[in-house]
Amino acid sequence: MTGDAGDMLSWDESVFRDESVFEIDHVPETFRHRESQLENLKYALRPAVRGSRPLNTMVRGPPGTGKTTAVQKLFGELGARTEVRTVRVNCQVDSTRYAVFSRLFEGIFEYEPPSSGISFKKLFGQITDRLVEEDEVLVVALDDVNYLFYENEASDTLYSLLRAHEAHSGAKIGVIVVSSDLGLDVIDDLDTRVQSVFRPEEVYFPVYDATEIYDILAERAKRGFHEGVIGDAELERVADLTAESGDLRVGIDLLRRAGLNAEMRASKTISEADVEEAYDKSKHVHLSRSLRGLSESERDLVRVLAEHDGERAGAVYDAFNDKTDLGYTRYSEIINKLDQLGVIDAEYADVDGRGRSRELSLAYDAEAVLDRLE
């Protein structure tokens with residue numbers, strides 16, 4: 001360690017004023033550079049405050065552009081009104097129609113439904129009956145709705161929500177779908193029966209520019225660190241690395257890890273070396289989040305891919321089958337999902353005398369993937 005004793009932390013000191021400010025799901029008091037998007041969402045939700053069904057809305061944009069924060073911010077405001085019920089469903093975790101409606105049941109009744117023995121029809125009926133009895137409007141946010149598409153559950157889930165007022169007279173439900181997968185055409189990928197009733201308003205969240213990123217991170221640093229912990233040069237470096245990634249969550253995680261690195265050195269200030277070292281982990285925020293939402297068999301396939309990186313699908317399948325005993329259909333479904341998530345690249349290539357075969361490769365360094373599967 002270098003520096004004077006006055007620059008060193010004692011055992012009970014911290015560089016953090018409020019470490020929770022750097023949690024990925026923290027909802028900031030000040031939500032900058034998304035004023036027009038918030039206004040568009042408020043416009044769509046305004047009928048709910050008057051006791052009517054709100055306009056359905058599709059929120060799109062790359063990862064880390066403020067979509068979830070905007071929804072949470074507005075739901076916090078609506079939550080103060082007794083006539084409006086809001087439920088945000090994380091579809092990375094709840095990726096089937098039944099799981100989504102179980103989360104809605106929990107949001108409305110404030111306890112979980114029985115884990116078994118209750119049909120979807122009964123679960124659906126109890127939800128809509130309560131809404132009618134209480135004369136409440138339900139606003140549902142399907143966050144990361146792309147996961148419902150990966151599991152072929154999106155059309156059934158949306159159909160049930162959008163047709164609720166027909167099946168249960170008086171039920172008023174509005175839907176916000178939130179997607180970070182720009183390769184997914186939400187409308188075109190739905191069944192025609194859903195397309196005919198789902199005509200959402202669209203609100204787009206673009207990538208933050210360099211100035212906006214610096215502004216947002218400076219605000220987080222001010223609230224999260226004690227005064228003087230991070231200097232202008234170090235904060236600018238964090239902002240530059242964040243801009244390169246295009247994901248604000250990288251910068252927020254990077255600030256926290258850089259602070260922890262400074263504490264590890266017992267230093268009261270963050271150095272550029274603390275930032276650079278932290279970036280090795282923070283740059284994989286999206287990968288870590290994607291892997292966390294995978295089932296055990298999906299994680300098994302990622303492990304196999306890491307061990308057979310760059311090999312053709314047939315060879316990878318043989319290794320996967322040896323490990324799990326799962327068939328080719330399920331294997332192919334998981335490959336498609338991992339490709340859509342951006343965890344792997346699955347490209348078709350010509351094979352002499354055998355037509356076309358998919359070549360599979362990880363989109364990240366194999367060691368980084370395996371580290372995050374532990």
Side-chain angles (χ1 to χ4, degrees), residues 20-21 23-29 31 38 41-42 44-57 59 67-145 147-148 151 153-154 156-179 289 292-293 295:
S20 70
V21 165
E23 295 295 332
I24 297 299
D25 59 356
H26 173 77
V27 179
E29 291 180 33
F31 188 42
L38 281 171
L41 282 169
K42 283 181 180 178
L45 294 177
R46 193 163 284 124
V49 179
R50 299 193 294 263
S52 302
R53 274 193 301 145
L55 301 176
N56 297 315
T57 310
V59 174
K67 301 181 299 299
T68 297
T69 301
V71 170
Q72 290 175 310
K73 198 83 173 165
L74 291 182
F75 275 17
E77 294 178 18
L78 282 174
R81 297 179 174 274
T82 56
E83 70 274 20
V84 182
R85 179 79 65 164
T86 59
V87 182
R88 173 180 160 263
V89 181
N90 178 355
C91 297
Q92 186 180 17
V93 176
D94 298 304
S95 57
T96 67
R97 181 177 68 162
Y98 193 92
V100 167
F101 275 82
S102 293
R103 193 65 63 204
L104 298 183
F105 182 100
E106 183 181 355
I108 290 169
F109 290 94
E110 299 179 356
Y111 61 87
E112 292 184 13
S115 56
S116 61
I118 180 170
S119 68
F120 172 77
K121 185 177 180 180
K122 186 173 182 181
L123 187 71
F124 187 20
Q126 289 181 346
I127 291 170
T128 51
D129 286 347
R130 172 57 73 92
L131 293 175
V132 173
E133 286 169 13
E134 300 293 329
D135 195 23
E136 289 182 332
V137 179
L138 173 64
V139 184
V140 180
L142 298 177
D143 204 355
D144 278 327
V145 73
Y147 283 87
L148 292 181
E151 302 296 340
E153 294 275 348
D156 284 346
T157 303
L158 279 168
Y159 188 79
S160 296
L161 289 168
L162 297 168
R163 293 287 192 182
H165 64 286
E166 295 179 4
H168 301 267
S169 180
K172 290 172 281 193
I173 299 177
V175 181
I176 301 171
V177 298
V178 184
S179 176
R289 190 167 178 271
R292 269 200 306 275
S295 68

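These values consider heavy atoms only, across backbone and side chains, with no hydrogens, waters or symmetry-generated copies.
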Review point. Could you walk me through whether Arg103 and Asp94 pass the salt bridge (Lys or Arg N to Asp or Glu O under 4.0 Å) check?
Key: CA-CA 8 Å; Arg103 193 65 63 204; Asp94 298 304; 2.9 Å; yes
Exercise for review: Step by step, work out the salt bridge (Lys or Arg N to Asp or Glu O under 4.0 Å) result for Arg85 and Glu110.
Suggested key: CA-CA 12 Å; Arg85 179 79 65 164; Glu110 299 179 356; 3.8 Å; yes
Are any side-chain N or O atoms of [X] and backbone N or O atoms of [Y], one a donor and one an acceptor, separated by less than 3.5 Å?
{"X": "Lys73", "Y": "Glu29", "answer": "yes"}
{"X": "Gln126", "Y": "Phe109", "answer": "no"}
{"X": "Asp144", "Y": "Cys91", "answer": "no"}
{"X": "Lys67", "Y": "Val59", "answer": "no"}
{"X": "Ser95", "Y": "Gln92", "answer": "no"}
{"X": "Lys42", "Y": "Leu74", "answer": "no"}

Minimum side-chain heavy-atom gap [X]-[Y] below 4.5 Å:
{"X": "Phe101", "Y": "Val140", "result": "no"}
{"X": "His26", "Y": "Thr69", "result": "no"}
{"X": "Phe124", "Y": "His168", "result": "yes"}
{"X": "Val49", "Y": "Leu78", "result": "yes"}
{"X": "Leu104", "Y": "Leu161", "result": "yes"}

[X] side, atom [atom1]; [Y] side, atom [atom2] - distance, nearest 0.5 Å:
{"X": "Ile173", "Y": "Ser160", "atom1": "CD1", "atom2": "OG", "answer": "9.5 Å"}
{"X": "Glu83", "Y": "Glu134", "atom1": "CD", "atom2": "CD", "answer": "12.5 Å"}
{"X": "Asp156", "Y": "Glu151", "atom1": "CG", "atom2": "CD", "answer": "13.0 Å"}
{"X": "Leu138", "Y": "Ile127", "atom1": "CG", "atom2": "CD1", "answer": "8.0 Å"}

Minimum heavy-atom separation for [X] and [Y], please, with both atom names.
{"X": "Gln72", "Y": "Val27", "answer": "OE1-CG2, 3.4 Å"}
{"X": "Leu41", "Y": "Ala70", "answer": "CD1-CB, 4.1 Å"}
{"X": "Gly170", "Y": "Val132", "answer": "C-CG2, 3.7 Å"}
{"X": "Ala48", "Y": "Val139", "answer": "CB-CG2, 4.3 Å"}
{"X": "Pro54", "Y": "Ala44", "answer": "CB-O, 3.4 Å"}
{"X": "Asp135", "Y": "Lys172", "answer": "OD1-NZ, 3.3 Å"}

**Study point:** Sole candidate of Val145, Val89, Asn90, Val71 that passes side-chain contact (heavy atoms from CB on, under 4.5 Å) when paired with Val178
**Key:** Val71
Check your understanding: Taking everything shown except Glu166 itself, do over 12 heavy atoms lie less than 6.0 Å from its CD?
Key -> yes
**Study point:** CA sep, side-chain torsions, deciding dist, call: Leu142, Leu158, side chain to side chain contact (heavy atoms under 4.5 Å, CB included)
**Key:** CA-CA 9 Å; Leu142 298 177; Leu158 279 168; 4.0 Å; yes
Practice item. List the steps and the verdict of side chain to side chain contact (heavy atoms under 4.5 Å, CB included) for Leu148 and Val100. Key: CA-CA 10 Å; Leu148 292 181; Val100 167; 4.1 Å; yes
Check your understanding: Regarding Arg88 and the six-membered ring of Phe75, is the cationic atom NZ or CZ under 6.0 Å from the ring centre and inside 45° of its axis?
Key -> no
Practice item. Report the C-alpha separation of Phe105 and Val87 in whole Å, then their side-chain angles, then the decisive distance to 0.1 Å, and conclude whether the side chain to side chain contact (heavy atoms under 4.5 Å, CB included) test is met. Key: CA-CA 9 Å; Phe105 182 100; Val87 182; over 6 Å; no
